[in-house]
Asks: 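The following block contains the structure, expressed as structure tokens.
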Amino acid sequence: MMTLRKPFDYTLFLTTLFLVAVGMTMVFSASGILAKERFGDSLHFLKREVVIVFVGFIGMVVARIIPLTFYARLAYPLLLISILLMGLVFVPSLGVRVGETSRWIRLGPITLQPSEMAKIALVVYLAYILSKKQEKVQFLFTWISPLVFSGLLIGGVLLGKDLGGGAVMGATLFIMMFVGGAKPSFLASEILLAMPALYYLVASVPYRRMRILAFLNPWEHERGAGFQIIQSYVAFHVGSLFGQGLGSGKQKLFYLPEAHTDFIFSVVGEEMGLLGTLTVLGLFIIWLYRVFRISWRAPDLFSSYLAMGIGLMVGIQVVINVGVVSGLLPTKGLTLPFVSYGGSSMVISMIAVGILLNIASRSKA
């Protein structure tokens, strides 16, 4: 019998709020000087972040009360909408190009990153297809179907030169297929097929090749591709155990590029020290524990896969971001969920929390 075991998962909700609060504090600390220099207002990024969090909170509330069956019906529409939005990135009048990448759409005062919607679209689609065809997942045609549609999403992200986002989606696809019961031989062939494409994506783009070389020996490229990771090393070293104090970090003073976005964890390390970084990681561990607990107690297979997919989407991104800023992985442009400055990422992540709270309220006794 299905009953309401817990009407509201306060642990997941409060952990999310703590992470968002840490993020808003660190965004202000990391971006104040840059905002003053660029916009004449040290609160520029913080003000925008407040609006973004408010919009995300509204999205979370709505996602919390929508019937779970509605999400299953969204599987294919979300796929089509995400593919369409990623195509609009390349329309000159709409797409925003920053450096070598094309990841954003500008609609008046609003800038959207379609790859963030593509992540949640991938998870919803996989949850739907794996739950619907669970008894047939061992068959080849069932295995090919999610790969084709997922490949369209991931391919669109990669066309925008977002290798980090593609890596998160690819890893989520692989693990969900594995948990869903796909044969190891299918998954092994998937990896073998992906390796030449991955090699080409890295080897064919000069700045990606340089990032690999800088990852192997950043000190040989300290004025180029290795500059960012070296400055991150300095931030963690100076922060030591207790940190320099909130707002007292020096690396954000135009030494550490992307201090309020991709490398905000380095600012946490410098200003809050090892204890601060462990606290943030501890919050993420609690968050992920609650998510996979929700998945385990979900009322049906679709909800279980959906919760697991959201947990994987966030968890893998956290691992990659922390790995990059600590020098364990090559540099990639990937935000730290709930903490980094970023509109689309924050809104989609908070909507995902609303879905999780929705599933939790209908968990098994």
Side-chain angles (χ1 to χ4, degrees), residues 1-9 11-13 60 62-82 117-154 168-187 190 287-316 348-349 351-365:
M1 177 182 296
M2 303 296 182
T3 61
L4 289 179
R5 181 179 179 83
K6 183 184 290 187
F8 196 81
D9 193 324
T11 303
L12 178 68
F13 178 70
M60 180 174 66
V62 173
R64 163 68 176 77
I65 61 178
I66 290 176
L68 287 176
T69 53
F70 177 75
Y71 293 110
R73 294 198 294 268
L74 281 179
Y76 286 103
L78 274 179
L79 273 178
L80 295 176
I81 292 171
S82 297
M117 178 179 286
K119 292 175 186 176
I120 197 70
L122 175 69
V123 168
V124 172
Y125 167 72
L126 288 175
Y128 173 76
I129 201 72
L130 290 175
S131 61
K132 184 180 179 182
K133 301 182 178 181
Q134 179 66 25
E135 71 284 355
K136 301 177 181 178
V137 77
Q138 292 285 348
F139 293 95
L140 183 61
F141 73 90
T142 307
W143 170 69
I144 288 177
S145 173
L147 284 185
V148 170
F149 286 106
S150 302
L152 289 174
L153 280 178
I154 297 173
V168 171
M169 295 172 69
T172 301
L173 168 65
F174 180 86
I175 298 174
M176 288 190 71
M177 289 290 293
F178 174 75
V179 175
K183 289 182 178 179
S185 57
F186 293 163
L187 298 175
E190 179 184 338
W287 192 92
L288 290 169
Y289 165 74
R290 298 302 298 186
V291 172
F292 290 118
R293 185 173 181 269
I294 289 170
S295 175
W296 180 257
R297 297 184 174 187
D300 54 68
L301 204 54
F302 169 74
S303 300
S304 179
Y305 281 130
L306 182 57
M308 180 189 66
I310 292 172
L312 290 172
M313 179 181 69
V314 172
I316 292 169
I348 294 297
S349 296
I351 290 174
V353 172
I355 297 173
L356 292 169
L357 294 172
N358 196 337
I359 297 171
S361 70
R362 295 165 172 81
S363 60
K364 295 178 182 178

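Values below: every heavy atom of this structure, side chains too, minus hydrogens, waters and symmetry copies.
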Asks: How close do V291 and A307 get, heavy atom to heavy atom, and via which atoms?
Replies: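 Looking at all heavy atoms of both residues, the closest pair is CG1-O, 3.3 Å.
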Asks: Can you list the steps and then say if S349 with M313 is a side-chain contact (heavy atoms from CB on, under 4.5 Å)?
Replies: CA-CA 10 Å; S349 296; M313 179 181 69; 5.9 Å; no
Asks: For S303, check side-chain hydrogen bond (donor to acceptor under 3.5 Å, both in side chains) against everything at least two apart and list the hits.
Replies: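 S303: side-chain hydrogen bond (donor to acceptor under 3.5 Å, both in side chains) contacts with D300.
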Asks: Yes or no on side-chain contact (heavy atoms from CB on, under 4.5 Å) for I348 and K119, after CA distance, side-chain angles and deciding distance?
Replies: CA-CA 9 Å; I348 294 297; K119 292 175 186 176; 5.9 Å; no
Asks: For the atom pair CD1 (I351) and CE (M117), what is the distance rounded to the nearest 0.5 Å?
Replies: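 Interatomic distance, I351 CD1 to M117 CE, rounded to 0.5 Å: 7.5 Å.
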Asks: Are side-chain heavy atoms of L153 and M169 found at a separation under 4.5 Å?
Replies: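 Yes - at least one pair of side-chain heavy atoms lies under 4.5 Å apart.
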Asks: Closest heavy-atom contact between L130 and M176?
Replies: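 In terms of heavy atoms, the two residues are closest at CD1-O, 3.4 Å.
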Asks: Quick check: do R64 and F8 have side-chain heavy atoms less than 4.5 Å from each other?
Replies: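 Sidechains of F8 and R64: in contact.
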Asks: Please evaluate residues I175 and I316 with respect to the criterion side-chain contact (heavy atoms from CB on, under 4.5 Å), reporting the C-alpha separation (whole Å), side-chain torsions for both, the decisive distance (0.1 Å), and the verdict.
Replies: CA-CA 11 Å; I175 298 174; I316 292 169; 4.2 Å; yes
Asks: Hey, is OH on Y289 packed in by over 12 heavy atoms from elsewhere, all under 6.0 Å?
Replies: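 It does not: Y289 OH has 12 such atoms or fewer within range.
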Asks: Closest approach of A298 and I359, non-hydrogen atoms and distance?
Replies: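 A298 and I359 have their closest heavy atoms at CB-CG2, 3.9 Å.
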Asks: With rounding to the nearest 0.5 angstrom, report the CG to OG1 distance, L122 to T172.
Replies: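 Reported value, rounded in 0.5 Å steps: 6.5 Å.
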Asks: Considering non-hydrogen atoms only, spot the tightest contact between A352 and I120 and give its length.
Replies: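 Here A352 and I120 meet closest at CB-CD1, 4.3 Å.
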Asks: Could you work out, with side-chain hydrogen bond (donor to acceptor under 3.5 Å, both in side chains) as the rule, every residue matching S295, not counting sequence neighbours?
Replies: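 side-chain hydrogen bond (donor to acceptor under 3.5 Å, both in side chains) list for S295, sorted by chain: S304.
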Asks: So which atom in S150 and which in L173 form the shortest heavy-atom distance, rounded to 0.1 Å?
Replies: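 For S150 versus L173, the nearest heavy atoms are OG-CD1, 3.7 Å.
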Asks: Side-chain contact, heavy-atom cut-off 4.5 Å: Y305 with M308?
Replies: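 A side-chain contact under 4.5 Å exists here.
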Asks: I want to check something: taking the side chain as every heavy atom from C-beta on, are Y71 and I355 in contact at a cut-off of under 4.5 Å?
Replies: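 Side chain of Y71 against side chain of I355, heavy atoms only: contact under 4.5 Å found.
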Asks: Heavy atoms, side chains only, cut-off 4.5 Å: are L126 and L306 in contact?
Replies: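 With C-beta onward as the side chain, the pair stays apart.
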Asks: Hey, what do you get for CZ (R73) to CG (L68), rounding to the nearest 0.5 Å?
Replies: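 It comes to 11.0 Å.
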Asks: Tell me the closest heavy-atom pair linking W287 and I310, and the distance in Å.
Replies: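 Scanning both residues completely, I find the closest heavy atoms to be CH2-CG2, 4.3 Å.
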Asks: The criterion is ring-ring contact (aromatic ring centres under 6.0 Å, His included); which residues satisfy it with F149, sequence neighbours excluded?
Replies: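 F149: ring-ring contact (aromatic ring centres under 6.0 Å, His included) contacts with Y76, Y125.
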Asks: Taking the side chain from N358 and the backbone from A63, do they hold a donor-acceptor pair closer than 3.5 Å?
Replies: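 Yes: the side chain of N358 pairs with the backbone of A63.
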